[in-house]
Amino acid sequence: MVAVKQRNMILLLLFIGWAIGNFDRYFINYAVLSITKDLQLNPTSTGLILSSFFAGYALMQIPGGWLADRLGSRRVLIASVLMWSIFTALTGAVWSLGSMIIIRFLFGIGEGGFQPASSKLISQTFPTDKRAWAMSVMLSSGGIVALIVPLLSAYMLTTIGWRTSFLILGGIGILITILFWVFIKLPADLKDEEMKPAGDSQQGIFKQIIKTPLMLNLFIAYYSIYAINWGLATWLPTYLVNVRGLDLISLGWVQTIPGLAMIFAMYLAGYVIDKLPLGKEKVVGAMSCIVVGILLYLMYNAPSVTMFIAYQTIVIIFISFVMLLLPAIILKRLPSSVTGTSMGVANTGGQLAGFITPLAIGFIVQTFNGSYNAAFWMLIIFAIICMISLLTLNFRKGDLLQANA
């Protein structure tokens, strides 16, 4: 059993780790404006840069979860933070489109193990009725980052430049790696349990997870909601500058508003999800997806930047709710012994979306001579798909896996 003080320390470190990881990945969305200029890239090439991270990130989801279940969440977390920090620093040394793609891909490999391992650690150290709350606290750091990254990115890019900025961010990550090494400690009995080889009851557990209808629906839902999330996160800075006419500093200020909304949404969502009766979460999640689709349409057709940001802020609230609801279903429905692998499988869908969507938007924008109309319609369709996948969730097979594990 993990003491309350100890698990709060673990949660604090996960909060910090998730924050710097998000800053590293969000910063490129603003730095790409300077990178594109320096390397003389077209929209399709820009999409390749934005997508290359997600190729590595998606590829590492299932192996990262499997390693967390077999080698222990602590080891995977430390290795993950160290690796992504090294390649964050190396991003500042790129000399061509090819080198940028390779380094961002390896950066994605490094970050890929963090969420499955952190989810497993939460399932090991927090009781069931506190897991959604703990996950919301960790993920809320992404909202704080979304709040500060536009302003801080604008300042860093206009003062020290993108190359030095990446070097500094990499150094901060290495310091956080040391904190993980020193302060994340698990009880000896818990570590021993982690290291036990799979028993007879777990033979073929990976195949069971893959074949579970619950996991298939979650995979599709993850893909859909993250397609919307990363489609907006990666291309909105470029859209607001090139289409809505904002300068970099103004962009930084207006994007703090959705950032505040994300922080509020994560904490509220964690509380609400823990209070929802089992089985009702899919209905609430599906309704949220409907709202997201409607607001995306209104956002793109907003007559002013003010209205655009207002709609974006509400969209972020509902997207954040769904993004927390999906891992909470895994944490509540499946045993901690398979949490890492299960989270890796489901989150692979989300990160494949992160790889494909920025690339697809870049191609669409270039094909339609700078128009984002088709891109926004694509995101609206993903909201509908997410709604359908949530409404058709089948919990019975997930319960069977719970019983067999």
Side-chain angles (χ1 to χ4, degrees), residues 29 43-44 46-47 50-51 54 58 146 216-244 254-255 257-259 261-262 265 269 281-326 346 349-393:
N29 302 329
T44 299
T46 301
L50 296 173
S51 293
F54 292 100
L216 176 61
N217 281 56
L218 287 174
F219 183 94
I220 295 171
Y222 259 88
Y223 186 99
S224 302
I225 199 65
Y226 274 88
I228 300 170
N229 179 69
W230 287 114
L232 294 177
T234 54
W235 278 99
L236 269 191
T238 302
Y239 170 80
L240 288 172
V241 169
N242 293 342
V243 178
R244 296 283 179 162
V254 299
Q255 286 303 292
I257 300 172
M262 181 179 288
E281 61 265 51
K282 66 179 186 180
V283 177
V284 179
M287 292 174 61
S288 298
C289 292
I290 295 173
V291 174
V292 168
I294 294 171
L295 289 172
L296 283 171
Y297 176 82
L298 295 174
M299 184 173 78
Y300 179 66
N301 291 283
S304 65
V305 172
T306 301
M307 289 303 298
F308 183 97
I309 299 302
Y311 288 130
Q312 182 195 356
T313 301
I314 304 173
V315 164
I316 289 297
I317 291 174
F318 284 93
I319 288 176
S320 299
F321 179 84
V322 178
M323 288 174 62
L324 182 60
L325 177 71
L326 297 177
Q351 306 321 316
L352 282 175
F355 168 66
I356 295 171
T357 309
L359 186 59
I361 291 177
F363 177 78
I364 289 170
V365 171
Q366 186 167 337
T367 300
F368 288 92
N369 299 315
S371 172
Y372 285 77
N373 186 59
F376 271 89
W377 274 109
M378 179 181 70
L379 300 183
I380 292 170
I381 291 171
F382 278 125
I384 296 171
I385 294 173
C386 188
M387 175 200 69
I388 295 171
S389 64
L390 283 171
L391 282 177
T392 55
L393 275 175

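Note that the coordinates shown come from a computational prediction; the quantities given were computed from them, not determined experimentally. Hydrogens, waters and symmetry mates are skipped; everything else that's a heavy atom, side chains included, is used.
- Around atom OH of Y300, more than 12 heavy atoms belonging to other residues, nucleotides or ligands sit under 6.0 Å away.
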Legend entry - Residue pair I317, F321: steps toward the side-chain contact (heavy atoms from CB on, under 4.5 Å) verdict: CA-CA 6 Å; I317 291 174; F321 179 84; over 6 Å; no
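- The minimum heavy-atom distance linking I309 with P258 is given by the pair CG2-CD, 4.3 Å.
- Side-chain contact between T238 and V365 is absent, with no heavy-atom pair separated by less than 4.5 Å.
- For the atom pair CZ (F318) and CD1 (I294), the distance works out to 10.0 Å, reported to the nearest 0.5 Å.
- Between F308 and F376, the ring planes lie perpendicular to each other; the angle is over 60°, past the 30° to 60° tilted range.
- Going from atom CD1 of I364 over to atom OG of S371 covers 10.0 Å, rounded to the nearest 0.5 Å.
- Within the 4.5 Å cutoff, the side chain of V284 has no heavy atoms near those of the L325 side chain.
- Scanning both residues, A261 and T313, for their nearest heavy atoms gives CB-CG2, 3.3 Å.
- Shown here for V322 and G285, the closest heavy-atom pair between the two residues is CG2-O, 4.0 Å.
- How far OG of S288 is from CD of E281: 12.0 Å, rounded to the nearest 0.5 Å.
- Around atom CE of M287, no more than 12 heavy atoms belonging to other residues, nucleotides or ligands sit under 6.0 Å away.
- With rounding to the nearest 0.5 angstrom, the CZ atom of R244 is 10.0 Å from the CG atom of L236.
- Residues F382 and Y223 place their aromatic rings such that the two centres sit under 6.0 Å apart.
- In this structure, L216 CG and L393 CG are separated by 10.0 Å, a value rounded to the nearest 0.5 Å.
- A distance of 12.5 Å separates CD1 of I385 from CD1 of I380, quoted to the nearest 0.5 Å.
- Residues K282 and N217 are not in side-chain contact: their nearest non-hydrogen atoms beyond the backbone lie 4.5 Å or more apart.
- Side-chain atoms of N229 do not come within 3.5 Å of backbone N or O of I225 as any donor-acceptor pair.
- Between I257 and Q312 the shortest side-chain heavy-atom distance does not fall below 4.5 Å.
- By the 4.5 Å heavy-atom criterion applied to side chains, I314 and M299 are not counted as neighbours.
- At least one side-chain heavy atom of L296 sits under 4.5 Å from a side-chain heavy atom of L232.
- Contact annotation: the side chain of T357 never approaches that of W235 to less than 4.5 Å [non-hydrogen atoms, C-beta and beyond].
- Residues M387 and A286 share a closest heavy-atom pair of CG-O, 3.6 Å.
- Ring geometry for Y239 versus Y372: interplanar angle over 60°, hence perpendicular rather than tilted (30 to 60°).
- Scanning both residues, M262 and I316, for their nearest heavy atoms gives CB-CG2, 3.7 Å.
- Closest of all the heavy-atom pairs between S320 and A265 is CB-CB, 3.7 Å.
- For the pair V292 and L379, the minimum side-chain heavy-atom distance is 4.5 Å or more.
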